[in-house]
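Chain letters run A, B, ... following the sequence lines, proteins first and then strands; every chain starts at 1.
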Protein chains: 2
Amino acid sequence: MEPSAKDHILSSWQDTLHSHGFRVTRPRQQVMEIITSSTTALTPQEIYHKSLEGERFPGIASVYRTLELLDKLGLIQQIHQPGGCHGIWPTVEGHNHCLICRNCGQMKIIEGNEDITGYIARIENQTGYRVDDHWLQFFGTCSGCLD
Amino acid sequence: MEPSAKDHILSSWQDTLHSHGFRVTRPRQQVMEIITSSTTALTPQEIYHKSLEGERFPGIASVYRTLELLDKLGLIQQIHQPGGCHGIWPTVEGHNHCLICRNCGQMKIIEGNEDITGYIARIENQTGYRVDDHWLQFFGTCSGCLD
DNA sequence: TCCTTATTGATAATAATTATCATTATCAGT
DNA sequence: ACTGATAATGATAATTATTATCAATAAGGA
């Protein structure tokens, strides 16, 4: 069986841990497994509660510690939503944005190929700010929830 | 002396409270004063701590209650940032975006006149989502911090 | 000014996150 | 495979943030 995209992320995360001298422990694997399996951005508490479904599960402190580590290594990012801040999602390479279903929370990462350089230049002129980054997020309804 | 933009917002907020049958109390006025005077988006705790500088100040519960009320009336919105979620900022009419200085936190609201309708249409085709809203935020350095 | 009652302040209760430390388990080096 | 040094864990205490409770207070119409 061909390795799935999820398996690929998981093994690359484990490589990153090893190459930085961190151990690949069972609690860390469980947290990483949950994050990479999810179709929605999860909060730390949600990740912890999902882990309870398993036979053995990490303590809540280890969940927080693992998230802190993954964040420090740049492997995850925090997703912000109007009604529920700071969901966790794997970091994706390159410039991209997220698309969130308001109904079921399902998230998709989309390639950021919009051209707003002209808009940014105008903002810089008007405000005197130097702009070095932006967030673009889309909200709507996914195809499953539209039916 | 000409009434400032802040005074204008403040009196319109008070009108909104009155017209919805809510009382304009001292604690509410203090919270509204702090929000409208700030150049950065503030968290509930930050608003409370600023209020302590005054001679009389609201209890922490009243700060939360006032924020809940202002939010329900649509007078404030929550601003999300990578390192400090849920700052409070007055709602601005129309379609607009915010520009935040990563250094000092100073915030500006900018008119949303970018055209990303083509981009949105492409996203809808690719993903099957129906997109009904978006967030666009810019991060950078303000003119004061550039010097 | 008085009266009704919405609102407050003080604080208890709940929830979320971080810190502490003895015990456990990873994994590099045999 | 086995062993040992120590990174990491689990359990829990401490801290912080938010929400709920209720008697006392004050806003604002009559």
Check your understanding: Can you tell me if B:Glu111 uses its side chain to pair, donor with acceptor, with the backbone of B:His95 under 3.5 Å?
Key -> no

Review point. Under 30°, 30 to 60°, or over 60°: which ring-plane class applies to B:Tyr119 and A:His97, parallel, tilted or perpendicular?
Key: perpendicular

Practice item. Could you state the atom-to-atom distance from NE2 of A:His20 to P of C:dA28 in whole Å? Key: 16 Å

Practice item. Have a look at A:Phe57 and say if it touches a base, only the backbone sugar-phosphate, or nothing, with a 4.0 Å heavy-atom cut-off. Key: sugar-phosphate

Review point. To the nearest angstrom, how far is B:Leu70 atom CG from C:dT7 atom P?
Key: 12 Å

Practice item. Consider only side-chain heavy atoms of I, L, V, M, F, W and Y, link residues closer than 4.5 Å, and tell whether A:Ile109 and B:Ile120 are in one cluster. Key: no

Review point. Roughly, in whole Å, what's the span from CD in A:Gln45 to C1' in D:dA17?
Key: 13 Å

Study note, to complete from the structure: Per-nucleotide protein contact along nucleotides 19-30 of chain D, 5' to 3', at a 4.0 Å heavy-atom cut-off (B base, S sugar-phosphate only, - neither), is BBB----BBS--

Check your understanding: Taking atom C1' of C:dT7 as reference, at what distance in whole Å does atom NZ of B:Lys72 sit?
Key -> 13 Å

Check your understanding: Rounded to whole angstroms, how far apart are NE2 on A:His49 and C1' on C:dA15?
Key -> 10 Å

Check your understanding: Given atom OH of A:Tyr48 and atom P of C:dT18, what is their separation to the nearest angstrom?
Key -> 16 Å

Point to revise | Nearest-angstrom distance from the residue atom CD of B:Gln14 to C1' of C:dT7 | key: 16 Å

Practice item. Hey, could you give me each pair passing salt bridge (Lys or Arg N to Asp or Glu O under 4.0 Å) that has a residue in residues 29-38 of chain B? Not counting sequence neighbours. Key: B:Lys6-B:Glu33

**Study point:** Atom pair distance, as rounded to whole Å: CG in B:Leu42 and P in D:dA17
**Key:** 14 Å

Revision key, fill the gap. When rounded to the nearest 0.5 Å, the distance separating NE2 of B:His134 from CG of A:Leu99 is 13.0 Å

Check your understanding: Does the B:Ser38 side chain pair with the main chain of B:Ile34, one donor and one acceptor, at a distance under 3.5 Å?
Key -> no

